Amino acid sequence: MSDADTPETFGFDFAPDWARKSADEYVSRYQGKNYDERTGREERPRRDSQTRGDRRDDRRPRPPRRDNDGERRPRRDDGFKGRPRGPRSEQQGDAPRTQRPPRFERVQPLNADIRLLPNQKNLGVIIKTLQGTHTAFSMKKFVNLFLDNPQACLVRFEAKADTDTLFYSCKSCGFIALSEAEVAAHLAEHHLADYFDVTEEACEAPSGTYPCVAKCTLTGEWVGAPNHHSYRHRVAELAARTGRSEKDYLKTIEMCRDSESVEAWKQSVTTQTVYRKKVTLDEVPAPEAPAETPAEGDETPAEVAPAEDTRPTYNRDQAEAIFRRDILSTLITSGKHMVAPVPLAQNSPSVPLKLLVTKALRDEQRHPSSLLFALRGAFRHRKFELFRCNDAHGPEFVANVKPTPFTAENAVRELRAALDYVAAHPCCTRNELLTSLKAELADMDQSTLIRQVAFLFQRGHLLEFYNGIVALPETNPKFRKLPEESKKKPTEEKAEAPAPEVAPVAEAPASEAPVEVAETPVEAPTPVAETPVEEAPAPETAE
């Protein structure tokens, strides 16, 4: 092909326009300029301080700033470098200023129903008190007794049918959580000693080379050498004791590299904790035949030394592994319905569970509903009488006597006088009633008069409330609070309630069933026989 046949002659030049032009034009454009090798940008001269000062002097001066009290605030032009910053708190430490506070995940509410129930043991004390008296007590006071002592209450959880929520509980103490792992951790920490005998035995000091040893700055105890096998377990033990995570606890220890500290640590670990599995009833060996009694004149046999314990020994990790493998699964129960003591539910590691219990207690303090409903069912099951005073929506009371109206037409004069006085003086006290009868019936024996009045209370012909107010057995008996009772503070009123105080219960056994409400109320844990009350002889009636 000749030069005439090349592609340039036909106009087939596909290079860009800037490549077709001469290079001299681009070289002359960038000659005499400096460029930064790192950024590739042209270096431009900066304005000096004198130029900046001249421009600042040309500006119009701004008026001075004033504080709220009118005083002049200093400006940077006056040499003020800004307000001094206060010392950083211990919580901030030396963290950089750009560090943001940690974000906490939002806890999802637990989709379950919850009810508060009285503990059987404490409910039995109240039932026994009601069976031994004819006085009417306020239901609100009984509810307040349980609300003031949450350790005497049980909480019942019931998951929704359309959810997969399950509750896990410890059979030994009633501990409750939302996951099996949390209950397993609780069992390994608190119930390992129930199945293993823990003893301290002497052992040899650690041998080997240890360049440093860790010491706890909070308690002053030796943690151990980082290259020793017990270091990890010791850190976890001390972190749990101080209530910190292992990551936070490692920041509180210091390393000692002198030989005296290493030797002191070696002397502190000359004893070790040994675990031996307890012998069950199935593993108890059969008793040996009794030895023959030596005949007279024979020498007294020497004392037999106690048999050496031949059970295998384990350390903490080995004992916990055996406990999780053989025993743990038999101590955990799960289900959609679960009952647990309130203190254990409040200390549960499951945050949604704790929030639900806290909300239920707060709502119950404002408007008692579930506890009141449970007490009604228990009292009705015991054949106690429930009635309201003053009107159909008045305060509710419970008594061990049924209000029964009495016809005083053919009664003796002392009974008729007592009924007439209460009818003429509603909401009078028992002392006022006896004082009036003694003045009106001065010729009558005082002991006989008191016995006749007691007959009216025993038969329900007169009602006596906890504060001494007496009322007739109407549909809604009359009731009022005494003046000194209204002036007292709520805390003092609850403290001086005539009902017995509820004894605190640390833990409720899981086998103890709660009081079911309305449908099938459960009886008290032990049947309490009614206290016999000596009844007064029937009053004489006129012919």
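When reading the values below, keep in mind they use all heavy atoms of this one structure, side chains included, and skip hydrogens, waters and symmetry mates. Note that the structure is a prediction, hence the values are computed from the model and not measured.
You'll find the side chain of Ser369 reaches within 4.5 Å of the side chain of Glu364, heavy atoms only. Proximity of Thr333 to Tyr168: side-chain heavy atoms (C-beta onward) are nowhere separated by under 4.5 Å. Two residues are said to be in side-chain contact when any heavy atoms from C-beta on lie closer than 4.5 Å; Leu371 and Phe142 fail this criterion. In this structure, the side chains of Leu123 and Leu375 come closer than 4.5 Å at one or more pairs of heavy atoms.
When the shell of 6.0 Å around CZ of Arg362 is examined, it contains more than 12 heavy atoms from other residues, nucleotides or ligands. Heavy-atom neighbours of Arg232 CZ from other residues, nucleotides or ligands within 6.0 Å: at or below the threshold of 12. Atom CG of Asp258 has more than 12 heavy atoms from other residues, nucleotides or ligands within 6.0 Å.
Here the options are Trp222, Tyr210, Tyr231, the test is ring pair (Phe, Tyr, Trp, His ring centres under 6.0 Å), and the partner is Trp265; only Tyr210 passes.
Ring centroid separation for the pair Phe457 and His134 does not come in under the 6.0 Å cut-off. Not less than 6.0 angstrom separates the ring centroid of Tyr275 from the ring centroid of Tyr314.
Contact check on Asp197 versus Arg311 returns a salt bridge, with a Lys/Arg side-chain nitrogen under 4.0 Å from an Asp/Glu carboxylate oxygen. Residues Lys266 and Glu204 are not paired through a salt bridge, judged by the lack of any N-O separation under 4.0 Å between the basic side chain and the carboxylate.
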message: The test is ring-ring contact (aromatic ring centres under 6.0 Å, His included); show your working for Phe397 and Phe479 and say whether it passes.
response: CA-CA 10 Å; Phe397 288 83; Phe479 171 77; 4.8 Å; yes
